[in-house]
Structures are given as structure tokens and as C-alpha cells.
2 protein chains.
Amino acid sequence: MSRVLVVDDDPQLLRALRITLRAAGHEVVTAADGRTALHEAASAHPDVVVLDLGLPDLDGTEVLDGLRPWFSGPVLVLSARGDSHDKVAALDAGADDYVSKPFDMSELLARLRALLRRGAPEVDEPVVRTPHFTVDLAARQVTVDGVPVRLTPTEWALLSELVRAPGRLVGQRQLLQSVWGPAYEKETNYLRVYLAQLRRKLEPDPAAPRYLRTEPGMGYRFTP
Amino acid sequence: MSRVLVVDDDPQLLRALRITLRAAGHEVVTAADGRTALHEAASAHPDVVVLDLGLPDLDGTEVLDGLRPWFSGPVLVLSARGDSHDKVAALDAGADDYVSKPFDMSELLARLRALLRRGAPEVDEPVVRTPHFTVDLAARQVTVDGVPVRLTPTEWALLSELVRAPGRLVGQRQLLQSVWGPAYEKETNYLRVYLAQLRRKLEPDPAAPRYLRTEPGMGYRFTP
DNA sequence: GCCGGTCTTGACGGGTTCCTGACGCGGGAG
DNA sequence: CTCCCGCGTCAGGAACCCGTCAAGACCGGC
């Protein structure tokens, strides 16, 4: 899902964090001291940094100072010291959150989710393009060859569900459930009707779908 | 500097927070229960919300749910309960930070600074122009072909909400919520009435809207 | 109390969207 | 070869949504 750089000098904690973060779907990069941390942050392009303040070579604030001029992603600071003076110092040095050891792993994960959630909209590409049409998720607008096309609410709900998973197959149950609700899991003819309408509005040749393909018996797939 | 909405039912804490935040250079708006909180959040346009979870009328999560669909600024949750399950729940419900009572005031301020630092600068161009009329968001004035037009408070609230998102579709729920408050989510006829009034005052041809377009079933869109 | 402006509320006609059933086609199974 | 399931297509009626108008409620200033 997203890349996390974990900086800590305690190998045991590092290992625990790596396992937990992997299980939560993150890609994990680790560093055991400040110098490596700065190096890894530059080369691995993490989305978020988890930084222990008690490092053998550099002070935690020094790492933050080295990071902040060019790294714009969120930084979550871990520390054994819990008094508020340290927290204020770290937060004002550029940290986005501060968690005292010992900490609860599920809370750490939730705080990471909150940080990533906020960072995501900027990085996330809310506009999907194909050679023939573009879908702007944020503005809720579709244009074919540059001219805006009007979609009904149902058409839009269906299209956005497909476009949010480019190249991936989306099961008909999932489509029906997220557009019409859990009670309509069996009404596959709805899909046929509305897919046809979408293709008529978007595809260059609606009879030979190029972007909104159907996988017989399984579902549909949007291929940019 | 920035506007803070503080939601807490303890008048003493509310007063302390107001004084401290004022001293730190913030503008402070307060609410003592969930309903007022949602209403104030809609009308006062705060940059950040400090939300106590233990409110007399609504559950804290309900306030978050009412807030999140349209409020994009950071939310810092205060709570008397400190176990990690509550923290995870609040963070996953859309909170950006979680502080347990009793808390250190300087830490709260530092966390607010961190949240505001990351928050979008919101350097919106305060004056929006179209070939036919201009909207000055800062001066609260609209001119059509150079001549000022009088708008009622409700008309203005609706127009500014639309103009703040040029080209983007604004859902009718969001419009109703931010103009009339969360209790009016279903009164879509208000929108019809006031959109008609706005079009009569602004559009060159009110019968064929060019700038304030309606997307049936979804909402309205301002296109410059 | 009166009056002007503003906000709410209800009703109606016209247009659009949604659901539903029917039909034809094609490919795989028997 | 035939049957049958799944898919695409089409069309019609019901339900919904929107724009419009007007009358009553509300609230301030005078």
C-alpha cells in the first residue's frame, strides 16, 4: 500500500514493527541509526517515517532537521521519554505526531492511517485518463475528447467503482453491493443495463468495448 | 491567525481553552454540545476543530461522522478515556489526533501547530470572475457587468459554497449541511428555490443556466 | 402596531431516470 | 446437435427530481 521508513536502534522493536506493518499491508524500510535513516529516506522515497528519538549517533531533532528541508511526508516520532517538553520540541521541530513508549501497536497503526489518509489526497491522482476519455473523481466530471458528458447518479456510481481499481477485476457482487446496496447482490441484469449505457457514452465503439471489459461469469474490468 | 472551533461540555475547560488559544493568537469559536458543534462548524468555517468525545447529546463518533463528509480541516479529539481501543476508533472515524485528559496545555498547542502547519494554506483566490459576473469572497460582494448586486444572507452562503469549488460538483447534502445545518439534509426544495433566485440575479439567461449548473440527482456545479 | 424584506412551505407540470421484462445471440456442456 | 446459461439490447411505465410560483410565517426597523 504505502512505504514506511522505520528508524529505531532496538532490533527487537524494529522486528516487531516490520512484521506488524507488513501485515497491515505496508512496504517497510528500516534504519538503525540517524545517518542510515537520512540516507534511506533519500533513496527509498518513503511515504511516511516512524522515527525513534533515542538513536546512537544523532539526536532525534538532528534527524528531523536533516529530513524536513526536503521530505514533505508525515513523520511520526517515537520516544521513551514522555514529558510534554520533549513532545513540544519534537512537534515544533517538524514531527506530525508523537507517541511515547511503551505504546500500543494498534494505536500506532491507527495514527499512521490518520497521517497517510491526510497525505494521500495530494499524491493520489484523482483524475484517470485514457486515450479517449478522462474521469475526474474529485470534480465528478467525465469528458470524452474534451467535451463534458453527463452521467446519471447510478452511472457515475458504477463508473467510479470501476475506475477506482484500474486494471483490476471487480466482481459483480461487489459492484451491485456498492452501487445498489447489499440487498441487490443477485440483480446482475442491472449491471448489464448500466454497463451498456456507460459504454454508449464513453467507448469509441460500444459494440467492441475497449476500456470497460466484461469478464464472463466474474465481473467487469476497467483497463486504461 | 487561524480559527479554532472548540467543542466541550465542561464550561471550565472551555474557558481555559478559550483563554489559552486566544493568547496563542487563534480566533476561538465554542460549542457545548454536538448539535451546536455541527452547526458552528458549518457557519463559522473553522480551520481546525478540537472535539471532546464526551458530549451530552451526541456520541463523539456521530459528530465526526456529521463533520467529515464536508469538513476537510484537521480534527483533534479530546477524551477522558485513554485506552487504545477508543483511540483507534476515533482516529479511524476521521480524527487526525487524539489527546487523553488530563492533558498538558503546551502539548495540545504544539499538536495544534503541527496540524495547522500541515493543513492546506487555503490561499484561495478571494475573487472569482466569469465573463458576466464577479464574486469577491473577501468583500462579500457580487457585481454583474460592473454593477453591485444585493444578495440575502442565505443566497450568499449558498453562492460562496459553490464558488469555493470552481468546476467541481458540490453534493446537495453538502450544500444543505453547510448553509442550513445538518438537520436540513433532506430539504432539497430549499436548494431549488435559492438556486432559482441566484440564477435570476446572476445568469444572463436564467432559463438556460450557464454558470450555476445542476446535475440531476447529485448536486450543483459552478463553472467559470 | 405597521411595514418591508427574507425565509419557509406547499403544490404543480414537465422532463429525466430507474426499474423491469422480453428478446436474440453465442459459447460451453451434455 | 441441442440445450441452457450468461450477456447485450431495447422499450415502456412508474417513480423521482427539478424549476416555478405563490402564499403564509417570521423578524427587524420605524
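In what follows, chains are A, B, ... by sequence order, proteins preceding strands, each numbered from 1. The model shown is predicted, which means the values in this text are computed figures rather than measured ones.
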- prompt: With no hydrogens and no angle check, do the side chains of T223(B) and Y211(B) hold a donor and an acceptor under 3.5 Å apart?
  reply: no
query: Charged N to carboxylate O below 4.0 Å: is that the case for D97(A) and R111(B)?
result: yes
message: Return the CG to CZ distance between L212(A) and R210(A), rounded to the nearest 0.5 Å.
response: 12.0 Å
Shorter than 3.5 Å, N or O on both sides, protein versus nucleotides 7-11 of chain D: list them out with atom names.
from: dC7(D); atom 1: OP1; to: G217(A); atom 2: N; distance (Å): 2.9
from: dG8(D); atom 1: OP1; to: R199(A); atom 2: NH2; distance (Å): 2.4
from: dG8(D); atom 1: OP2; to: Y220(A); atom 2: OH; distance (Å): 3.0
from: dG8(D); atom 1: N7; to: R192(A); atom 2: NE; distance (Å): 3.2

query: Side chains of L137(A) and W156(A): does their closest heavy-atom pair fall under 4.5 Å?
result: yes
- prompt: Which whole-number value in Å describes the distance from R213(B) CZ to dT16(C) P?
  reply: 15 Å
Scan nucleotides 4-7 of chain C against the protein and return all N/O pairs shorter than 3.5 Å with their distances rounded to 0.1 Å.
from: dT6(C); atom 1: OP1; to: R150(B); atom 2: NH2; distance (Å): 2.6
from: dC7(C); atom 1: OP1; to: T154(B); atom 2: N; distance (Å): 3.1
from: dC7(C); atom 1: OP1; to: T154(B); atom 2: OG1; distance (Å): 2.5
from: dC7(C); atom 1: OP2; to: T152(B); atom 2: OG1; distance (Å): 2.7
from: dC7(C); atom 1: O5'; to: T154(B); atom 2: OG1; distance (Å): 3.4
from: dC7(C); atom 1: O5'; to: Y194(B); atom 2: OH; distance (Å): 3.2

query: Are the charged groups of D47(B) and R3(B) less than 4.0 angstrom apart, N to O?
result: no
message: Using a strict threshold of under 4.0 Å (side-chain N to carboxylate O), is an ion pair present between K201(A) and E155(A)?
response: yes
Spacing of E187(A) atom CD relative to dC18(C) atom C1', expressed in whole Å: 13 Å
- prompt: Over how many whole Å does the gap from L176(B) atom CG to dT9(C) atom P extend?
  reply: 12 Å
query: Salt bridge or not for D104(B) and K87(A), using N-O below 4.0 Å?
result: no
message: I'd like to know if R68(A) pairs up with D96(A) as an ion pair, taking the criterion as any Lys NZ or Arg NE/NH1/NH2 lying under 4.0 Å from an Asp or Glu carboxylate oxygen.
response: yes
